[in-house]
Amino acid sequence: MEALPETDPITNEWNRFYAVPRGHHPNARGGFTTTSNLAMMQFKCLDYIDEISPRPILFVAGDHAHSRSFSEKAYEKAAEPKELYIVPDTEHIDLYDQVDKIPFDKLENFFKDSLK
């Protein structure tokens, strides 16, 4: 396989999933998952995050994830009950498909405790 180009850290991480067979899915348009950013640009997702309370929120982020700061910002703005769980030695993309890194026990316990 040809080496991936080195660009900025976010694009590098994106390429390590979406630019290689790892991110390929036979049912996805063009073989790779694609999503428009337009909806995200038009919606200020943190404006109403405090209204989720009193329902519990679990934020999960990799300690090396480019998106960790987004999770931390959302956690700060969210009302209780809330929890931020940082997965060690993990990028954002690792939490898609690296089953040895996905904190399944943490997720299971959160849902068992929260969905009573």
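Every value quoted in this text rests on a predicted model; they were computed, and no experiment measured them.
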Quick one: does F104's side chain get under 4.5 Å of V99's, heavy atoms only? yes

Just by modelled atom types, is the E91 backbone N or O under 3.5 Å from a matching donor or acceptor in the D94 side chain? yes

Apply side chain to side chain contact (heavy atoms under 4.5 Å, CB included) to residues T90 and Q98 and explain how you reach the verdict. CA-CA 9 Å; T90 305; Q98 301 298 304; over 6 Å; no

Hydrophobic cluster membership, with links at side-chain heavy-atom distances under 4.5 Å among I/L/V/M/F/W/Y: are W14 and Y96 in one? yes

When the side chains of residues 79-88 are checked against the rest of the protein, which donor-acceptor pairs come out under 3.5 Å, sequence neighbours left out?
| from | atom 1 | to | atom 2 | distance (Å) |
| --- | --- | --- | --- | --- |
| E80 | OE1 | K82 | N | 3.2 |
| K82 | NZ | Y75 | O | 2.7 |
| K82 | NZ | A78 | O | 2.9 |
| E83 | OE1 | K106 | NZ | 3.3 |
| E83 | OE2 | K106 | NZ | 2.3 |

Side chain to side chain donor-acceptor pair (under 3.5 Å): pairs with one or both residues in residues 51-62, sequence neighbours excluded: none

Is there a path of hydrophobic side-chain contacts, each under 4.5 Å between heavy atoms of I/L/V/M/F/W/Y residues, joining F59 to I102? no

Validation row: D105, L107 side chains within 4.5 angstrom (heavy atoms): no

Partners of D8 by side-chain hydrogen bond (donor to acceptor under 3.5 Å, both in side chains), sequence neighbours excluded? T11

Any heavy-atom pair between the side chains of L4 and V20 that's under 4.5 Å? yes

With sequence neighbours left out, which residue pairs that include part of residues 63-74 fulfil the salt bridge (charged side-chain N to carboxylate O under 4.0 Å, His left out) condition? R68-E72

Can you list the residues that meet the salt bridge (charged side-chain N to carboxylate O under 4.0 Å, His left out) rule with K112, with sequence neighbours excluded? E108

With sequence neighbours excluded, what pairs up with D89 under the side chain to side chain contact (heavy atoms under 4.5 Å, CB included) test? H64, K101

Closest non-hydrogen contact found for A74 with L46 is CB-CD2, 3.7 Å

Minimum heavy-atom separation for P103 to L95, with atom names? CD-CD2, 4.1 Å

Partners meeting side-chain hydrogen bond (donor to acceptor under 3.5 Å, both in side chains) with S69 (sequence neighbours left out): none

Apply ring pair (Phe, Tyr, Trp, His ring centres under 6.0 Å) to H66 and list each qualifying residue two or more places apart in sequence or on a separate chain. H92

Go through the structure and list residues passing salt bridge (charged side-chain N to carboxylate O under 4.0 Å, His left out) with K77, not counting sequence neighbours. none

Of all residues at least two apart in sequence or in a different chain, which pass the side chain to side chain contact (heavy atoms under 4.5 Å, CB included) check with N109? none

The salt bridge (charged side-chain N to carboxylate O under 4.0 Å, His left out) partners of D97 (sequence neighbours excluded) come to R22

Quick one: are F70 and S67 in side-chain contact, heavy atoms under 4.5 Å? yes

Using the salt bridge (charged side-chain N to carboxylate O under 4.0 Å, His left out) criterion, which residues pair with E76? Sequence neighbours excluded. none

